[in-house]
Amino acid sequence: MTEIPDDHPRAESLRTRHRIEDGVEKGITSKQGLIAEGRGEAFDYLLGERTLPSADDAERVAAAQLLLADHAVLSVNGNVAALVPGQMVELAEATGADVEVNLFNRTDERVDAIADHLRDHGAEEVKGLAADARIPGLDHERAKVDADGIGDADVVLVPLEDGDRAAALAEMGKTEIVVDLNPMSRSPRAAAIPVIDNVVRAIPRMTEHARDLADTPDDELERIVAEFDADEALAAAERAIRTGGDE
Ligand code: PTJ
């Protein structure tokens, strides 16, 4: 891999790209994951490769929602496993959530490789290997979930994917938090809490917020969640893209 100098104007973005390449080489990330990364990079560029204030608000609301959940599950696909494996485990620990592998291009080899990778990054239990329940209305591999994981969850964090599972989970009455760089994509539009930010920035910030909110009473957490306006969060990100920076 070519050394990326720290003073390169897009150093962080290039390092992220290399992590996805590495994920493909290790059998964690699908080749389509490279294309998804390219789509994400384009939106991140338009957003100024930074966390917008509206995204930081959404990350705090997401943390409050995860802390309030009876059973929260963080869904992990091949891109998320390559980009933020340890950070997902930390978020799970900070919020009491489970971690579950859920893949669009599902093969047993990739599920096992991702589960091992998450364990290498500190996960004690990884769900998604049993795949003994189905999300109704989905006819592809992403419908396969664990009955005692996403099947049972009341809150699901869905970072970075296409929109149909997001809509199907919402249909099942689950509260969804979606992280996606494209505010016009179907998944964040189906979410109760859309987070328009790069997963590499969003997940550590959610963990920080969860730690700050750890001792907050439930009624205060409920107020934080109730005051969130999903449409406004999406509109703020779209404005930032269209105006070249301002929300
Ligand atoms: O590992 P698998 O088999 O489950 O497959 C995962 C991918 C991501 C390949 C699959 O879900 C897919 O093809 O997704 P799409 O339809 O390309 O959508 C990916 C979405 O994630 C797009 O809206 C991108 O803008 C967004 N995205 C890409 N990279 C990032 C991102 N959002 C946040 N952070 C990123 N780093």
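As the structure lists them, so they are numbered: ligands from 1, and atoms in each ligand from 1.
At least one heavy atom of Arg142 sits closer than 4.0 Å to an atom of ligand 1.
Hydrophobic clustering (side-chain heavy atoms under 4.5 Å, transitive across Ile, Leu, Val, Met, Phe, Trp, Tyr) groups Val200 together with Ile114.
An N or O contact shorter than 3.5 Å is missing between Asn77 and ligand 1 by distance. Residue Val199 places at least one N or O, backbone or side chain, under 3.5 Å from an N or O of ligand 1. Between Glu37 and ligand 1, no pair of N/O atoms sits closer than 3.5 Å.
Under 4.0 angstrom from ligand 1, the non-hydrogen atoms of Leu83 all belong to its side chain. Contacts with ligand 1 closer than 4.0 Å are made by side-chain heavy atoms of Arg110 only, the backbone lying farther away.
With ligand atoms numbered from 1 in the order given, ligand 1 contributes 9 (C) to contacts under 4.0 Å with heavy atoms of Gly33. The atoms of ligand 1 that sit less than 4.0 Å from any heavy atom of Leu103 are 1 (O), 4 (O). Distances below 4.0 Å separate heavy atoms of Asp197 from the following atoms of ligand 1: 33 (C), 34 (N).
Between the side chains of Ser75 and Arg165, at least one donor N or O sits under 3.5 Å from an acceptor N or O. Using modelled atom types, one finds a donor on one side chain and an acceptor on the other under 3.5 Å when comparing Asp56 with His209.
Salt-bridge check for Arg201 with Asp44: passed, with a basic side-chain N closer than 4.0 Å to an acidic carboxylate O.
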